[in-house]
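Please read the structure below before turning to the comments.
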Amino acid sequence: MKLRKTGKFILPFLLIYTPCFAQVKAWVSKTVVEMGEEVLLNIEAESVRAVPEIKEIPDFEIISSSTSSQVRIINGRIQTSGRFTYTLIPKRAGTLTIPSIPVSVGNQTFHTQPITISVVEKREISGEKPPVFLKSEINPVRGYAGQLFIYKLRLYSRVPLRNAALREMNFEGFVPDILVKNEPVQRQGREYINGELYEVIEVIYPLYPLKTGKFQIKGGSISVEFSDTSRRDIPQSPFWDFYDDFFPRRFQRKILTSPEITVYVKGLPEKPGKEKFTGLVGKFAWNWAVSSTDVKEGETITLTLEVRGSGNFRNFAFPQNFEIPGFKTFTDKPQINVRMGGNSLEGEARLKVALIPIKEGVFRSDLINPYLPTYFDPEREDYLPLRINDFTIHVRKGEGKREVVSARGGEETGKMVETLTSDIFGIFSSPRALKKEILFPPFPIFISAFLSFPLIFLVTYLYKFMNERKKMRKEELSRSKAFKLLKREIKEAVEPSSLLKVFLTYLSRKLSLESVTAEEALHKLENVLEVNEISQLREFFQELEACAYGGDQQYEGEKLTERILLFAQMLEKKIKK
Amino acid sequence: MKAGLLILILLSSSDNLNSIFQKAVQNYNSGNYEESYVLFQSLLEEGVKNPFIYYNLGNCAYRLGKLGEAIFRYRQALLLSPHFHDLKFNLKIAREKVIDRFEESYWRRFKKHIIKYFLLSPHLAWILFLSVNSILWIYLSINLFFKKAGKALIFLFIFYLYSSLTMVFTFYQIYFKKDGVIVEPVGRVYSGTDIGSLVLFELHEGTEVEILNERGEWVAIMVPDGRKGWMKKGSVKIVQEELK
């Protein structure tokens with residue numbers, strides 16, 4: 001009875017809660033896993049609208065997630081379901097629980113059941129190495145401030161790998177070299193371990209300590225997917241892809257971590273040589289080259305200084321101010337080339353110094369050595385000097401200008417003007433320097449000035465041309481009308497003198513002249529008339545003049561007029577031709 | 001800062017340009033080359049552009065040990081006054097200190113040698129050209145009426161040709177040609193217009209180059225021996241840029 005009452009009381013709650021587990025279920029791929037090994041969490045709900053509310057799972061890292069949906073027909077009824085798969089990697093060893101996960105379906109929320117997983121440490125059976133493992137090392141473990149430390153992370157694998165991703169490294173107390181600021185140096189190789197061939201991927205970080213003391217460098221971490229099939233069990237290229245197509249391998253994801261490393265950084269010792277130490281720690285050698293050892297005053301010599309070796313090139317600074325007696329010096333910007341060597345940063349730093357001798361003499365390289373710094377060799381634990389070998393520069397006198405001066409006795413002799421050094425002339429201090437110069441006049445002004453004079457010429461030419469043309473037309477007109485006018489004027493002339501005048505007027509018109517005498521007319525007509533015609537015309541002129549001025553009364557006016565007209569007709573014909 | 005304040009005070013006065021100039025000369029003579037440089041520079045900014053200011057700036061830069069800047073200023077002055085003796089001498093002294101040396105081809109040397117006879121100060125070049133142009137055309141105009149051309153016309157024509165070439169060469173140097181001077185201690189010449197390109201060679205401060213092209217922050221250069229490449233604009237200063 002009591003039970004029935006209790007049952008009545010509990011039943012509604014059971015009715016409410018039971019479906020919560022009935023509609024969603026969760027399970028894992030395995031309940032016992034190794035550290036770093038992945039485990040799949042599956043959540044299935046009887047609705048495609050289901051959304052699991054997972055932000056994070058304590059003690060596990062969610063690597064990836066995927067969704068799929070299923071449609072089933074059971075007894076004629078269509079059932080749809082959604083499946084959510086999460087790839088998890090345990091963060092620690094021990095018994096870990098995946099808590100109940102809420103899954104919302106529409107307005108309702110359902111919960112999965114909690115799942116317990118046992119995470120065990122990695123097993124290494126009697127020294128046998130796992131197919132994939134991570135190792136790290138640092139060199140040196142004990143070093144000096146300013147020294148370069150090389151941290152190496154090695155990924156060993158004897159099975160095919162894919163999607164390897166390096167997690168961000170944290171080097172507390174150290175700063176990586178600029179060479180690996182964006183991406184670490186990577187190398188690949190092969191190594192035999194216990195008779196097994198492993199592919200090795202090496203990731204290298206050159207590090208500089210920021211301070212002295214003891215430091216714990218946390219282990220590196222790489223997320224990787226690897227196959228169960230050993231690399232040696234499968235054929236090698238070129239049939240690799242062919243094999244993959246027919247026998248696809250199963251890959252599992254793991255996060256591999258390497259153990260922590262302890263590093264000790266000591267301060268640099270107080271020893272002789274430290275006063276010239278500029279921060280270079282490692283193993284170095286000093287080279288030099290000089291462009292010429294025999295020069296004249298004022299000629300430039302290039303001295304090239306070069307430091308080569310392995311160590312912390314970044315902290316190296318060349319001396320900048322060389323004050324060498326007898327020389328003017330100009331230092332160039334140093335060039336530093338750094339690359340990753342076998343176990344350290346290797347490279348060279350180069351400086352060019354232009355030396356200009358300003359006086360004659362012999363100079364030894366001892367003058368340069370005092371400027372060169374010392375470096376600290378961690379193996380010898382001592383400061384060592386950077387020195388260049390002895391060399392000698394011979395500076396000869398510069399060639400002077402030969403000046404001719406007058407010597408006593410009127411003889412000329414040559415005298416050398418010695419050039420001690422060369423220097424620039426002083427500044428221009430006249431107020432003329434304040435004059436604002438017009439580099440180029442405004443373009444329209446320039447073009448106007450340029451074109452105006454040819455234009456004047458053109459106008460003048462046109463004026464002349466037009467004028468001449470006008471004159472020619474006038475003459476032409478006068479010539480063409482000359483015979484008509486002659487015929488008109490000759491009718492009015494009675495006296496021989498007036499006949500002569502009319503004939504000469506005709507000739508002056510015909511010859512485009514203002515006025516003309518008989519002699520001038522004959523001279524002008526020499527080119528037009530034949531010789532006999534000229535003589536006839538001359539005789540006629542003489543006859544006409546005799547009639548006009550000689551008082552000869554025996555003339556016949558009509559005959560004279562007729563002859564004048566005949567001559568005029570002849571001229572008209574000849575001149576036309 | 002000190003020089004900046006000084007300029008501000010001087011600019012506010014009435015006869016400012018002369019005062020700045022005198023102060024700059026004083027500073028130079030007292031060995032304060034940096035102040036002197038700033039003051040001469042301010043005169044340029046005030047529009048006083050002539051070869052003497054550029055020459056003085058070159059001297060200040062030389063004294064300050066800025067070889068590239070000195071040669072750059074001397075080259076600017078040389079464009080405005082190609083026959084300024086002191087300037088040519090100082091430029092020669094400065095060029096002797098440049099580290100880079102090049103073997104110029106015979107043709108380039110010949111071209112330079114010929115062109116130098118046709119170079120004049122720009123204002124002289126255009127005044128000469130316009131004067132000869134006017135004389136020639138006036139003479140021709142008069143000759144239309146008197147017809148006594150003879151030898152004078154031949155001389156005039158030769159002179160006209162010379163003045164025309166002088167003007168063309170002088171203004172070509174300023175308006176169409178581009179020369180550069182390396183102003184950084186070492187300037188890298190790349191094969192392309194990004195830092196990742198191959199470094200072809202390096203040039204040192206004061207080296208004079210020909211500018212072939214400009215693209216964004218990069219300039220294509222050619223050194224006297226004919227090698228070409230790209231440089232960052234900060235490494236090289238273009239001589240003609242300020243003059244136009």
Side-chain angles (χ1 to χ4, degrees), chain A residues 291 298-302 304 320-321 328-335 337 350-356 421-441 443 445-465 467-468, chain B residues 17-18 21-22 24-25 28-29 36 40 43 47-53 55-56 58-60 62-63 65 67 70 80 84-87 89-90 93-94 96-99 101 121-123 126 129-130 133-138 140-142 144-145 171 174-175 184-186 202 204-205 243-244:
Chain A
S291 61
E299 284 183 351
T300 310
I301 314 163
T302 308
T304 309
Q320 280 297 304
N321 301 313
K328 272 190 178 180
T329 60
F330 298 90
T331 45
D332 202 350
K333 198 177 170 184
Q335 289 174 275
N337 295 317
R350 195 176 294 125
L351 177 76
K352 281 186 179 175
V353 185
L355 302 172
I356 300 164
T421 183
S422 56
D423 197 13
I424 57 168
F425 280 136
I427 55 167
F428 191 83
S429 55
S430 158
R432 263 177 67 205
L434 285 170
K435 201 175 69 178
K436 291 182 185 178
E437 269 184 20
I438 304 166
L439 199 64
F440 196 76
F443 199 65
I445 294 176
F446 178 81
I447 285 293
S448 327
F450 171 62
L451 292 177
S452 59
F453 293 98
L455 211 68
I456 289 171
F457 172 78
L458 197 71
V459 169
T460 317
Y461 179 80
L462 280 174
Y463 168 76
K464 199 191 165 197
F465 178 76
N467 219 14
E468 279 181 356
Chain B
L17 294 181
N18 196 35
F21 182 73
Q22 293 306 333
V25 172
Y28 184 90
N29 292 335
S36 181
F40 280 128
L43 285 174
V48 185
K49 281 186 183 175
N50 60 48
F52 310 116
I53 296 292
Y55 167 77
N56 289 353
N59 276 10
C60 294
Y62 182 88
R63 292 278 185 234
L67 189 62
L80 300 182
F84 182 5
H85 175 263
D86 288 8
L87 164 67
F89 180 82
N90 287 7
I93 295 277
E96 279 170 8
K97 295 201 161 50
V98 178
I99 295 171
R101 294 274 185 271
S121 299
H123 68 284
W126 66 261
F129 173 73
L130 288 180
N133 176 61
S134 61
I135 291 169
L136 175 76
W137 289 108
I138 289 171
L140 284 172
S141 304
I142 293 168
L144 283 174
F145 298 98
F171 286 97
I174 297 172
Y175 286 95
E184 283 191 341
V186 180
E202 284 175 345
H204 296 88
E205 193 177 6
L243 297 177
K244 291 174 193 172

Those residues that, when tested against K97(B), pass side chain to side chain donor-acceptor pair (under 3.5 Å) (two or more places apart): Y62(B)
S452(A) portion near chain B, given a 4.5 angstrom heavy-atom threshold: neither
Residue part contacting chain A, namely of E184(B), when any heavy atom lies under 4.5 Å: neither
Parallel, tilted or perpendicular: rings of F145(B) and Y463(A) (30°, 60°): tilted
Segment of I138(B) engaging chain A (4.5 angstrom heavy-atom cut-off): side chain
Distance in Å, L130(B) CG paired with I135(B) CD1, rounded so as to fall on 0.5 Å steps: 11.0 Å
Beyond-backbone contact of L458(A) with Y461(A), side-chain heavy atoms, under 4.5 angstrom: no
Under 4.5 Å from a heavy atom of chain A, the part of L136(B) involved: neither
Ring-ring centroid check F425(A) F89(B), cutoff 6.0 Å: yes
Option in I174(B), V98(B), N90(B) with maximal non-hydrogen atom pairs under 4.5 Å from chain A: N90(B)
Heavy-atom pairs under 4.5 Å with chain A, option from H204(B), E96(B), E205(B) with the top count: H204(B)
Chain A interface, residue from D86(B), V186(B), L80(B) that has the most non-hydrogen pairs under 4.5 Å: D86(B)
Within 6.0 angstrom of F465(A) CZ, more than 12 heavy atoms from elsewhere: no
Side chain / backbone / both / neither for H123(B) at chain A, heavy atoms under 4.5 Å: both
Part of I99(B) lying under 4.5 Å from any heavy atom of chain A: side chain
Test ring-ring contact (aromatic ring centres under 6.0 Å, His included) applied to F446(A) - qualifying residues, sequence neighbours left out: F440(A)
Closest-packed option against chain B by number of heavy-atom pairs under 4.5 Å, given G426(A), S291(A), P431(A): G426(A)
